[in-house]
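A short write-up of the structure that comes next.
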Amino acid sequence: MQYWLMKSEPDEVSIDDVLAAPAHTVAWFGVRNYQARNFMRDAMRPGDGVLFYHSSCPQPGIAGLAEVVGTPYPDATQFDPHSKYHDPKATPEQPRWISIDVRATKKTRLLPLAELRAIPALEDMVLLQKGSRLSITPVTKGQWNTIVKLLDKDA
DNA sequence: GCCAACGTTGGC
DNA sequence: GCCAACGTTGGC
């Protein structure tokens, strides 16, 4: 069992959107970074915990909890010429990019980035490192527990 | 809109 | 394989 933080722009897919989806589950599409892709392909397993993070928005921060469901499969948007995620070098025979399904388990209060930065136990979080901008980053069990405990306390 | 930081591309 | 130029991310 591992833990992850996954960034989504709420204008595109928010925690509310995922909770409104059938089975509270959506395909995580649009990852176009090899390191993040490799996490999905090689490391993520069903049941892994996910911190659902809202990025590129007025209030960036953790907005909910989720879990990985199922196994990776080709990201359909890479083949769609009308999608902004279209990749002309990808073919169904040789896909480059993958999706994995993510199920939202709960919406939490918005835990802002600035608040995360102020918590000493989280100073090593990949998200918080200088220059870090990966859309999928690993989270340690300790970091996960710290955050979940904090959010439970406020619930 | 700015800009720091990182990733990708492509000529050589 | 190097590296300059360009593109993207994402907070502020």
Side-chain angles (χ1 to χ4, degrees), chain A residues 2-21 25-44 48-68 72-140 142-144 146-151 154:
Chain A
Q2 288 184 273
Y3 303 93
W4 308 94
L5 181 141
M6 300 176 82
K7 295 181 187 173
S8 182
E9 301 187 13
D11 282 353
E12 195 156 10
V13 182
S14 71
I15 185 73
D16 290 322
D17 294 333
V18 184
L19 283 168
T25 302
V26 295
W28 206 268
F29 62 91
V31 169
R32 293 295 180 270
N33 170 282
Y34 289 104
Q35 210 180 333
R37 180 202 68 181
N38 293 348
F39 283 140
M40 289 197 288
R41 188 188 63 191
D42 304 331
M44 295 179 102
D48 280 2
V50 173
L51 300 171
F52 195 103
Y53 182 92
H54 283 176
S55 69
S56 294
C57 59
Q59 271 234 290
I62 293 168
L65 303 179
E67 68 175 358
V68 173
Y73 52 91
D75 178 343
T77 63
Q78 69 192 306
F79 310 126
D80 176 1
H82 301 298
S83 169
K84 70 169 174 172
Y85 298 113
H86 180 233
D87 183 344
K89 293 184 184 163
T91 63
E93 295 72 31
Q94 291 242 303
R96 273 195 180 186
W97 307 110
I98 57 173
S99 288
I100 201 163
D101 287 350
V102 172
R103 184 175 77 88
T105 50
K106 85 178 347 174
K107 181 178 180 174
T108 64
R109 77 166 171 98
L110 198 282
L111 178 51
L113 179 61
E115 187 174 342
L116 293 170
R117 288 197 189 283
I119 300 171
L122 299 180
E123 67 179 356
D124 291 334
M125 267 188 95
V126 178
L127 172 78
L128 305 180
Q129 302 314 300
K130 185 179 170 71
S132 169
R133 42 172 222 188
L134 257 188
S135 63
I136 300 177
T137 52
V139 172
T140 67
Q143 291 159 358
W144 171 272
T146 297
I147 289 166
V148 168
K149 200 175 298 179
L150 175 64
L151 291 169
D154 301 331

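Side chains are part of it too, since the values below use all heavy atoms of this structure and drop only hydrogens, waters and symmetry mates. So you know, we letter chains A, B, ... as the sequences are listed, proteins then strands, and number each from 1.
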Checklist entry - Can you tell me how far CE of A:Met6 sits from CG of A:Leu134, rounded to the nearest 0.5 angstrom? => result 11.5 Å
Item to check | Which nucleotide in C:dG10, B:dT9, B:dG7 has an atom nearest any side-chain atom of A:Gln35 | outcome: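 Nearest to the side chain of A:Gln35 among the choices is B:dG7.
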Write down the distance between [atom1] ([X]) and [atom2] ([N]), rounded to a whole number of angstrom.
X	N	atom1	atom2	answer
A:Gln129	C:dG11	CD	P	15 Å
A:Met6	C:dG10	CE	P	13 Å
A:Lys130	C:dC12	NZ	P	13 Å
A:Leu128	C:dT9	CG	P	20 Å
A:Glu12	C:dT9	CD	P	10 Å
A:Arg133	B:dC3	CZ	P	17 Å
A:Met125	C:dG11	CE	P	13 Å
A:Glu9	C:dT8	CD	P	13 Å

Checklist entry - Is any side-chain N or O of A:Tyr53 closer than 4.0 Å to OP1 or OP2 of C:dG11? => result yes
Checklist entry - A:Lys7 side chain N/O closer than 4.0 Å to the phosphate oxygens (OP1, OP2) of C:dT9? => result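 Answer no for this pair, as no side-chain N or O of A:Lys7 is under 4.0 Å from OP1 or OP2.
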Checklist entry - Is the side chain of A:Gln129 donor-acceptor paired with the backbone N or O of A:Met125 at a distance under 3.5 Å, no angle test? => result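 Yes.
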Next on the checklist: When you measure from the side chain of A:Asp48 to the backbone of A:Gln2, do you find a donor-acceptor pair of N or O atoms at a distance under 3.5 Å?
Outcome noted: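 Here the side-chain-to-backbone pair exists.
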Checklist entry - Charged N to carboxylate O below 4.0 Å: is that the case for A:Asp16 and A:Lys107? => result yes
